[in-house]
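One structure below.
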Amino acid sequence: MSIFVLRFRDIHIIMIKITFPDGSVREYNEGVTGLQIAESISSRLAQEVLACGVNGETYDLGRPIQNDAEVVLYKWEDEQGKHTFWHTSAHLLAEALQELYPGIQFGIGPAIENGFYYDVDPGEATIKESDLPAIEAKMVELAAKKEAVVRKDIAKADALKMFGERGETYKCELISELEDGHITTYTQGAFTDLCRGPHLMTTAPIKAIKLTSVAGAYWRGQEDRKMMTRIYGITFPKKKMLDEYLVMLEEAKKRDHRKIGKEMDLFMFSDTVGKGLPMWLPKGTALRIRLQDFLRRIQSRYDYQEVMCPPIGNKLLYITSGHYAKYGKDSFQPIHTPEEGEEYFLKPMNCPHHCMIYKNSPRSYKDLPLRIAEFGTVCRYEQSGELHGLTRVRSFTQDDAHLFCRPDQVKDEFLRVMDIISIVFKSMNFENFEAQISLRDKENREKYIGSDENWEKAEQAIIEACEEKGLKAKIEYGEAAFYGPKLDFMVKDAIGRRWQLGTIQVDYNLPERFQLEYTGADNQKHRPVMIHRAPFGSMERFVAVLIEHTAGKFPLWLTPDQVAILPISEKFNDYANEVRLTLKKYDIRALVDERNEKIGRKIRDNELKHIPYMLIVGEKEAENGEVSVRKQGEGDQGTVKLEDFAKKISEEVQNMINKW
C-alpha cells in the first residue's frame, strides 16, 4: 500500500486555466475536453453543446485542450454549432452514398450557410433528384446507429497509401498539397474521410434530414476539370425545425427577386449581352436612382464629397494597389491598346482611383477627414455556375466611399458611418441586424501589415464604437483583412434569412502602397488611415435583398408605381388619364390600366403587381372629381376628392423621406 501511495504521489498533475466569455476562469486537468468542461457546468449544457471554440478555433467536443485557453461552448443557436452539425451531416451523406453507389469517389463536403453539400464522382452511375429520397432514407438509417465520429492524425505517406488503395484520386490530389504533420481523418462506421473537422462526437443528434437538390460543379471550381455531382442538403436536431425550414423555403420561392423583378419590369439579363451582366429597365432604373439620391441626401449631411472615376484603369494602378497580384487570375483579361506595352483592366474596385484623388493635392492634418464617395460600377469575373440573379453578377455598382483620416479620428469616423448604415437599414425596415467585428489572429501576427500600435487603436475603436451604439456584435479573431480590422453588418429579412449588407474596413495597406501623406501639426509627414465603407454593399445585391425582404412591396416613397388607376369601362379612360396627370403634378407615380377587362380582374392583376394604391373610377367619380380608393392588403378605403387624395399621398411620401 505504501509503495502504491508513493507512486501515486509521484504523479505530476498539470492544471490549465480555462477562461470563459464572461471573463471567469476555472482550472482543469491538462487534456480536458470541451464535453468535460460542459459536464462540469451542468448536465443540461452537456446535452446541448455541439462543439467548442478554443482560442478562436472550433474544436470537436472530444478533442483534448493542452494549454491555457479561452473557451466558448457552442450550441445549435450558434453559427459554429450549426456549422459543426452540418459538417458531420455532409459526412453522413457521403457514408450513405458509399453504401448505395459502390466505387463512388468523393471530392469535398463542406458545411455552408444553410446546410451542406458533397461533390462526388459516381462514375458510370447518375444521381438524379428522384434518387434523393432513397439517399435520405439511408442517412436516417445510419444516423439512428449513433455512430461515433473518430478523429485521427495520419502521416502524409499513410494518407496517400490509404486513399490511393481505395482509388480516391480526388482525395490524393488534396493530400498531395497538405503539409505533413497537419493531416487528419474522421471515421464514422465504415466511412473514413480526409478532413480537418470539426465534427459532432456521434451521429445521434441528427434527427431530421432533407436533401434539397442536385447540381453540377467543376472539380475545384475549374472549368477545365471534371464535372462532378453536387448534392445539397440540410439537417436539424428536431423534425419541427425541418418543417419550419421547408415552409420558409416555399415562402422564399414566392419572394425570389428574379421572379418578382421580372413581374415588376425592374431588370433583365440577356446571354447575347453577356452572362451576369444585368440591365436595368426604366422602372428599375428609376427605383435605383431614388435609392442613390436617398443615400446622397444622407451623405451630404455627413460632409461627403462625390467623385466620378473612369470604368477602366491602367494595369500599373492595380499592380501598385496589390489587387493585380491578389486577383489577377480571377479578373477579366487585360485590354491592350495600340501603344507598346500599355494594358488596361475593367475597373474591379474603386479604392485605387480614390487614392489617386487623395494624392492629387497636398494634405494637411486640418484637411482630414476627407470623405470621398462614388456610385462606381466595377467588373469582376465570376464563374458562370456561381452567377445568381442580382446577388452574384459580373458587373455591379458599389455605393463606395473612402475616408482618409488621422489615427485619432478612426473611432469618430466609425461612429458616423455606423449612423449612416443604421439610417439605411431602418428606412428599409431591416430592424433586425447584427454585426461581426473581425480582428487579427491572436497568435499569428506576421500576415498583417501596419504597426501593433495602430492595429490596437483601430481594433479598440471598432469595439468601443459598437458598445457606444449598443450594437450587438460578435468578435471573430483571425478574420481581419491583412490590411486592417473590419465591421460587417448582417440583416435578417422578413422570413428570417441572414444577409450580409454593408461593411466598414480599416486599411493601412493602400496608404502605404500609394505613399499617401499629410502634414501633421508637428510639420512632419504622416500616413493617413483609410476607411472603406459601403452601406448598400452594391446596388444590385441590395435591391435583390430588398425585393425578397418586402416581397416586392416596397416603401411608398421607393416603389416604382405608387398608384394604379382602374377605369371600370373604356368610357372612363379619359377621366382616368386626367387623374394620372393630376397626380403627376404632385410627383406621384401612377399608371392607367386601360385594358378591356372586368374591374375585378383589373384589381386582382394590379394587386399582384404590388402597387400600394388602386383608384377605381367610373361615372360617379368622373362627375364629382373623385376617386374610389383601395389600399394594398387593406381593401376598400372609401371615396374621396382627387385633390385630397393627391395631397394625402404626397404628404405621406414626404414624411417618409424627411424622417430619415
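Note that the numbering runs from 1 along the sequence shown for the chain.
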Within the 6.0 Å centroid threshold, strictly below: [X] and [Y]:
X: Phe106; Y: Tyr170; answer: no
X: Tyr613; Y: Phe645; answer: yes
X: His549; Y: Phe430; answer: yes
X: Tyr232; Y: Tyr118; answer: no

Heavy-atom closest pair, residues [X] and [Y]:
X: Leu583; Y: Ala646; value: CD2-CB, 3.8 Å
X: Gly81; Y: Leu50; value: O-CD1, 3.6 Å
X: Val653; Y: Gln562; value: CG2-NE2, 3.6 Å

With a 4.0 Å cut-off on N to O distance, would you call [X] and [Y] a salt bridge?
X: Asp243; Y: Lys239; result: yes
X: Glu95; Y: Lys138; result: no
X: Glu250; Y: Lys253; result: yes
X: Asp293; Y: Arg296; result: yes
X: Lys275; Y: Glu382; result: no
X: Arg595; Y: Asp605; result: yes
X: Asp256; Y: Lys254; result: no
X: Arg497; Y: Glu548; result: yes

Would you mind reporting whether [Y] and [X] have side-chain heavy atoms less than 4.5 Å apart?
X: Ile127; Y: Tyr101; result: yes
X: Leu174; Y: Ile108; result: yes
X: Asn577; Y: Ile565; result: no
X: Val378; Y: Asp400; result: no

Salt bridge (charged side-chain N to carboxylate O under 4.0 Å, His left out) for Arg498 and Glu434? Distances and angles first, verdict last. CA-CA 10 Å; Arg498 294 170 78 248; Glu434 58 189 35; 3.2 Å; yes

Side chains of [Y] and [X]: any donor to acceptor distance under 3.5 Å?
X: Ser438; Y: Gln436; answer: yes
X: Trp499; Y: Asp493; answer: yes
X: Arg230; Y: Ser213; answer: no

Above 12 or not: heavy atoms from other molecules or residues under 6.0 Å from [atom1] of [X]?
X: Lys584; atom1: NZ; result: no
X: Lys648; atom1: NZ; result: yes
X: Lys259; atom1: NZ; result: yes

If I take atom OG1 from residue Thr559 and atom CG from residue Asp561, how far apart are they, to the nearest 0.5 angstrom?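 Answer for the OG1-CG pair, Thr559 versus Asp561, is 7.0 Å.
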
Using 0.5 Å steps for rounding, measure from the CE atom of Met264 to the CG atom of Leu608.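 Reported to 0.5 Å precision, the distance equals 11.5 Å.
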
Going through the distances and angles, do Glu540 and Gln398 end up as a side chain to side chain donor-acceptor pair (under 3.5 Å)? CA-CA 8 Å; Glu540 286 73 12; Gln398 294 179 303; over 6 Å; no

In terms of the angle between their ring planes, are [X] and [Y] parallel, tilted or perpendicular, with boundaries placed at 30° and 60°?
X: Trp86; Y: Trp76; answer: perpendicular
X: Phe542; Y: Phe536; answer: tilted
X: His388; Y: His257; answer: perpendicular

Show your working on side-chain contact (heavy atoms from CB on, under 4.5 Å) between Leu97 and Val120 and close with a plain yes or no. CA-CA 9 Å; Leu97 291 170; Val120 299; 3.9 Å; yes

Return yes if some donor-acceptor pair links the side-chain N/O of [X] with the main-chain N/O of [Y] below 3.5 Å, else return no.
X: Glu129; Y: Val214; result: yes
X: Glu223; Y: Gly221; result: no
X: Gln632; Y: Ile611; result: yes

Worked verdict on Met268 versus Ser270 for side-chain contact (heavy atoms from CB on, under 4.5 Å): CA-CA 7 Å; Met268 63 168 283; Ser270 165; 4.1 Å; yes

Step by step, would you call Asn350 with Lys347 a side chain to side chain donor-acceptor pair (under 3.5 Å)? CA-CA 7 Å; Asn350 300 301; Lys347 182 171 64 171; 2.9 Å; yes

Verdict with supporting geometry, Ser395 and Arg380, side chain to side chain donor-acceptor pair (under 3.5 Å): CA-CA 6 Å; Ser395 175; Arg380 298 178 192 171; over 6 Å; no

